[in-house]
Amino acid sequence: EPWEVAVFATTFSPQERLVATGSFDGSAIIWCSLTGLVKQRLPRAHDKGVSGVAFSPDGSLLATAGGDGRVVLWDMATAAPRHIFQGHSDWVLCVVFSPDGRSL
C-alpha cells in the first residue's frame, strides 16, 4: 500500500482538489484531497526516492525531482512523462514552477 512507504514530498494542485506525493521508493502518487483515495499512480520514473513534487500553475503538469539526479515533467492528462531532465550528479531536492508556468 502507498502509505507504507516514507513520503518525502507533498504538494496541492492549484485548484486544491489533488495532492501529489513523492516517496522513498521512487513512486509518485496523485490523491483526491477530498476523499484521500488514490486517483493515479504514476509510472516509476526515478531509480531513487522522489524528493520534490510541484504542479504547474494551471495544474496541467507535474514535476518530480529525485535522488537519481532526474527531474521528470509529467502530463497530467495522460499520466505520461513529457520530458526527463538528466545531468545532475546527485539528488535534486526540490522543484518549482515560475508563477507564469513557463519555467521550471
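Nothing fancy with the numbering, it's 1 onward along the sequence. Computed over heavy atoms, backbone and side chain alike; hydrogens, waters and symmetry mates excluded.
R41 places none of its side-chain heavy atoms less than 4.5 Å from the side chain of S27. The side-chain heavy atoms of V72 and H83, taken from C-beta on, include no pair separated by under 4.5 Å. Here the side chains of D58 and F97 are not in contact, with every heavy-atom distance at 4.5 Å or above. For the pair T21/W31, a side-chain contact is recorded, criterion being any heavy-atom separation below 4.5 Å from C-beta on.
When hydrophobic clusters are built by joining Ile, Leu, Val, Met, Phe, Trp and Tyr residues whose side-chain heavy atoms come closer than 4.5 Å, directly or via intermediates, F85 is not grouped with W91. The hydrophobic cluster containing V92 does not contain I84, counting ILVMFWY residues as joined when their side-chain heavy atoms lie under 4.5 angstrom apart, directly or transitively. Connection of L61 to M76 is not established within any shared hydrophobic cluster, with ILVMFWY side chains joined at heavy-atom distances below 4.5 Å, either directly or through further cluster members. In the hydrophobic clustering of this structure, F12 groups with I29; members are Ile, Leu, Val, Met, Phe, Trp, Tyr whose side-chain heavy atoms approach within less than 4.5 Å, directly or through other members. Under a hydrophobic clustering in which Ile, Leu, Val, Met, Phe, Trp and Tyr are joined whenever their side-chain heavy atoms come within less than 4.5 Å, directly or via other members, F55 and L42 fall into the same cluster.
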Before giving the answer on side-chain contact (heavy atoms from CB on, under 4.5 Å), spell out for S23 and V50 the whole-Å C-alpha distance, their side-chain angles and the decisive distance to 0.1 Å.
-> CA-CA 5 Å; S23 298; V50 174; 6.0 Å; no
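Remark: the backbone N or O of E16 is paired with a side-chain donor or acceptor of S33 at under 3.5 angstrom. A donor-acceptor contact shorter than 3.5 Å links the side chain of T35 to the backbone of L37. No side-chain donor-acceptor contact under 3.5 Å links R70 to the backbone of T64.
Scanning all heavy atoms of the two residues, the minimum distance from F24 to V5 falls at N-CG1, 4.0 Å. The two atoms that bring S51 and A9 nearest to each other are O-CB, 3.5 Å, heavy atoms only. P14 approaches P57 most closely through the heavy-atom pair CG-O, 3.1 Å.
Partner of W74 under the side-chain contact (heavy atoms from CB on, under 4.5 Å) criterion, out of V53, L62, I30: L62 alone.
No more than 12 heavy atoms of other residues, nucleotides or ligands shown are found within 6.0 angstrom of CZ on R17.
In summary, K48 and D68 do not engage in a salt bridge, as defined by a charged side-chain N under 4.0 Å from a carboxylate O.
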